[in-house]
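Notes follow once the structure below has been shown.
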Number of protein chains: 2
Amino acid sequence: MAKGPTVYHVAERAGVSIATVSFTFRQPEKVKASTREAVLAAAEALGYVPSASARGLARGRTGALGLFAYDYLLDPAHGRREEGLADPDPLSTESLGNEDLRLFPLYVDEVQRGVELECWRRGQALFVGGGNPENNEAVLSDIAGRVDGLAVFPRSVPSEVLARIARRIPVVEVSESELNRDLDHVTVDNASGIRAMTEHLLSEHGMTRLMFLGGMPSSDNDQRLRAFLGTLHDSGLSPANESKYPCGSDEGIAEVVASLCNDGNLPDAIVCATDQDALMVLDSLAAAGISVPTEVAVTGFDGIAAGRVVRPSLTTVRQPMEQMGRTLVRLLLERLDHPEKPPAAVRLPIRLVVRESCGCKAG
Amino acid sequence: MAKGPTVYHVAERAGVSIATVSFTFRQPEKVKASTREAVLAAAEALGYVPSASARGLARGRTGALGLFAYDYLLDPAHGRREEGLADPDPLSTESLGNEDLRLFPLYVDEVQRGVELECWRRGQALFVGGGNPENNEAVLSDIAGRVDGLAVFPRSVPSEVLARIARRIPVVEVSESELNRDLDHVTVDNASGIRAMTEHLLSEHGMTRLMFLGGMPSSDNDQRLRAFLGTLHDSGLSPANESKYPCGSDEGIAEVVASLCNDGNLPDAIVCATDQDALMVLDSLAAAGISVPTEVAVTGFDGIAAGRVVRPSLTTVRQPMEQMGRTLVRLLLERLDHPEKPPAAVRLPIRLVVRESCGCKAG
DNA sequence: TTGTTGAATCAAAGCGCTTAGATATTGGGC
DNA sequence: GCCCAATATCTAAGCGCTTTGATTCAACAA
């Protein structure tokens with residue numbers, strides 16, 4: 001545990017200069033084979049591990065990328081299950097509570113997984129930082145000092161902080177926010193996703209009374225709502241109920257659903273801004289004894305795993321989450337190579353995924 | 001994107017020495033309030049972000065921890081689903097194939113999550129490195145050079161490589177391997193877990209013909225097998241069939257189950273080394289038309305999410321995975337404070353989780 | 001006034017590596 | 001045997017920060 005050996009020790013032991021040691025690791029082809037072996041042997045014998053700090057300082061690059069994986073479930077708006085040994089019972093797929101949701105990878109988790117896999121595939125070092133509501137900014141600064149490029153989720157960081165960091169290293173944002181226009185973005189075509197969904201409900205199911213529900217305020221959700229209203233309008237329809245967006249919190253959704261049930265004027269379908277919202281809606285409807293899709297259809301957006309498991313399974317628009325994570329990494333690396341390229345917004349394809357909750361397949 | 005401002009720029013702008021700039025960030029109380037504000041203002045104006053490389057080099061510590069999150073599913077022994085937009089169908093909980101497994105957080109994912117949450121809670125920086133079968137060792141060295149302490153999963157790194165790294169920084173291993181005795185460990189009581197499970201099957205269900213199946217070779221699995229045999233022995237029983245452990249791969253398990261079915265001599269219960277093995281067994285039994293738990297009981301070990309969802313839901317021994325991840329972090333930080341403490345092995349409590357697959361609850 | 005003390009600031013020496021440019025070595029070709 | 005080009009190695013100057021010990025300064029007691 002004593003301070004580890006350095007290039008100096010290795011150089012001395014191998015009888016070469018420290019430059020040769022460095023070359024041996026960084027540009028082996030510049031070093032004569034016999035020398036190289038001597039150096040490697042010395043390194044091995046001493047247990048030499050190069051210091052990334054020193055390398056980073058000398059090179060002006062850390063060689064690592066960062067992901068700021070803000071955990072929305074730690075957000076005050078959401079509850080956070082206390083850790084523990086609970087959850088022994090079989091999971092009722094009839095109704096997934098908010099607690100149960102954490103059992104499945106959520107949107108951000110799947111994107112994160114994509115980032116990880118792509119970094120690992122490339123042998124890229126990856127730093128994952130996590131939000132910590134108290135000192136978000138400090139944490140973020142710290143991360144920014146450790147990496148060559150940073151990927152962030154929308155709404156996780158105030159715009160001005162992001163701008164400051166982006167002065168120093170490339171930043172890629174998931175989704176496309178109207179702020180931060182000078183950053184690279186990875187996004188999906190929210191509008192055509194919701195449009196496809198809405199048209200499916202209108203033409204395949206002959207529904208006419210649709211409403212839109214849910215979604216924290218974000219430009220993705222803006223786009224989804226707008227596309228929903230636009231599609232209805234194109235068919236000469238208006239929303240069946242006042243569309244509820246943004247819809248503050250999970251309690252907000254539960255309330256809205258409860259009042260719909262009480263008033264007895266359920267629409268034909270509730271088009272939700274996200275899968276999480278949709279699951280919440282399913283839960284609330286189940287609690288009220290309303291049957292889905294018989295009495296009302298429900299749809300989501302994202303394609304998270306829980307939507308495949310819940311009963312009725314969730315009709316949704318699938319985002320290629322892993323792919324998005326991989327693209328984040330790609331964009332950062334490209335940006336590092338070409339700092340002056342104009343900001344890019346990569347738009348990945350979505351797909352309508354028809355399951356039970358719209359009435360298409362047998363429950 | 002021009003090389004960012006440094007302490008020198010900030011110092012110049014604020015009209016102080018670089019030492020004062022450094023103190024302003026690291027030991028603010030040593031700096032007069034008025035000076036401090038001047039420095040902060042200058043930093044803000046310039047968009048200063050301290051370089052972690054330089055800090056790390058100067059301090060001799062990087063301030064980050066590392067997790068080497070070897071992905072067993074990338075292991076040649078397992079298949080790896082091609083990324084893509086597939087998986088549209090409702091998930092059949094009657095039978096989770098290997099493909100579907102990836103939809104749920106697995107053992108390593110949940111431990112990783114625990115590590116992340118604990119680091120974030122403490123404002124600790126975290127690197128996650130991923131295995132990459134080709135250049136595992138290089139990747140690992142790279143990470144080792146970036147962090148002050150490293151957590152690894154068992155079998156993910158050859159012992160001698162681990163030893164080498166441990167000469168330089170503290171290393172904590174998940175589970176308790178008979179190798180690497182000088183490292184800190186986080187583990188569970190495998191033996192009493194399997195013992196409780198086995199006794200449950202014997203006394204609650206009055207079964208007598210049990211077999212043990214699955215598990216890549218590891219000391220955890222050794223312990224589990226030994227405890228299984230020991231428990232039977234204490235009751236004057238022998239295994240119903242030759243216990244199959246280690247059981248190479250998923251195909252291996254499928255084969256064993258198929259031959260059990262063909263020979264027509266199913267035991268009363270199949271006690272599996274891990275939940276993943278158990279799910280594989282359930283899948284194979286379903287394929288053969290054998291009903292669980294009616295014709296044969298199946299049990300797992302770990303407590304992964306998929307076990308709650310599958311039908312019949314899986315009776316298992318639950319490890320506190322998140323807690324284990326958190327403990328890894330705690331041990332590393334403690335070790336950094338007390339390098340000379342003798343190696344510790346923290347043994348976390350397990351719990352028998354009785355669900356449907358043993359026959360306890362209605363399917 | 002002078003001396004003393006404590007607080008605030010600074011100068012300067014690294015930390016372990018990379019890499020340009022200088023130097024040494026090698027091997028041909030004559 | 002000599003010269004030159006190519007190859008291998010080395011020297012030395014940073015990279016941006018932290019931190020020790022020195023210095024300056026202000027305030028106050030004697």
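Heavy-atom basis, side chains included; hydrogens, waters and symmetry copies ignored. In what follows, chains carry the letters A, B, and so on, assigned in the order in which the sequence lines appear, proteins first and then strands, with residues in each chain numbered from 1.
Within 4.0 Å (heavy atoms only), A:Ser53 reaches no atom of the nucleic acid at all. When heavy atoms are screened at a 4.0 angstrom cut-off, B:Val21 is found touching no nucleic acid atom at all.
A:Thr62 approaches A:Gly145 most closely through the heavy-atom pair CG2-O, 4.3 Å. Of all non-hydrogen atoms in B:Val186 and B:Leu348, the two that sit nearest each other are CG1-CD2, 4.2 Å.
Under a 3.5 Å cut-off, the side chain of A:Asp142 and the backbone N or O of A:Val139 do not form any donor-acceptor pair.
Donor-acceptor pairing under 3.5 Å is recorded for the side chains of A:Gln112 and B:Glu116.
If you find the closest nucleotide of DNA chain C to A:Ser22 and to A:Lys32, the one lying nearer the 5' end belongs to A:Ser22. Nearest-nucleotide mapping onto DNA chain D: of B:Val49 and B:Lys30, the residue sitting toward the 5' end is B:Val49. When the nearest nucleotides of DNA chain D are assigned to A:Ala54 and A:Ile18 by heavy-atom distance, the more 5′-ward of the two goes with A:Ile18.
When side chains are defined from C-beta on, B:Tyr48 counts as touching B:Phe25, because their heavy atoms get closer than 4.5 Å.
Boundaries of the chain A contact region on DNA chain C are C:dG16 to C:dT19, first to last in 5' to 3' order (nucleotide atom under 4.0 Å from a heavy atom).
For A:Asp184 and A:Lys341, the salt-bridge test fails: no basic side-chain N is under 4.0 Å from an acidic carboxylate O.
For D:dC17, the OP1/OP2 oxygens have a side-chain nitrogen or oxygen of B:Tyr48 closer than 4.0 Å.
Counting to the nearest Å, the C1' atom of D:dT19 and the CZ atom of B:Phe23 are 6 Å from each other. Computed from coordinates, the A:Arg36 CZ to D:dT7 P distance equals 15 Å when rounded to whole Å. Distance B:Leu57 CG to D:dT19 C1': 13 Å, rounded to the nearest Å. Distance B:Tyr8 OH to D:dG14 P: 11 Å, rounded to the nearest Å.
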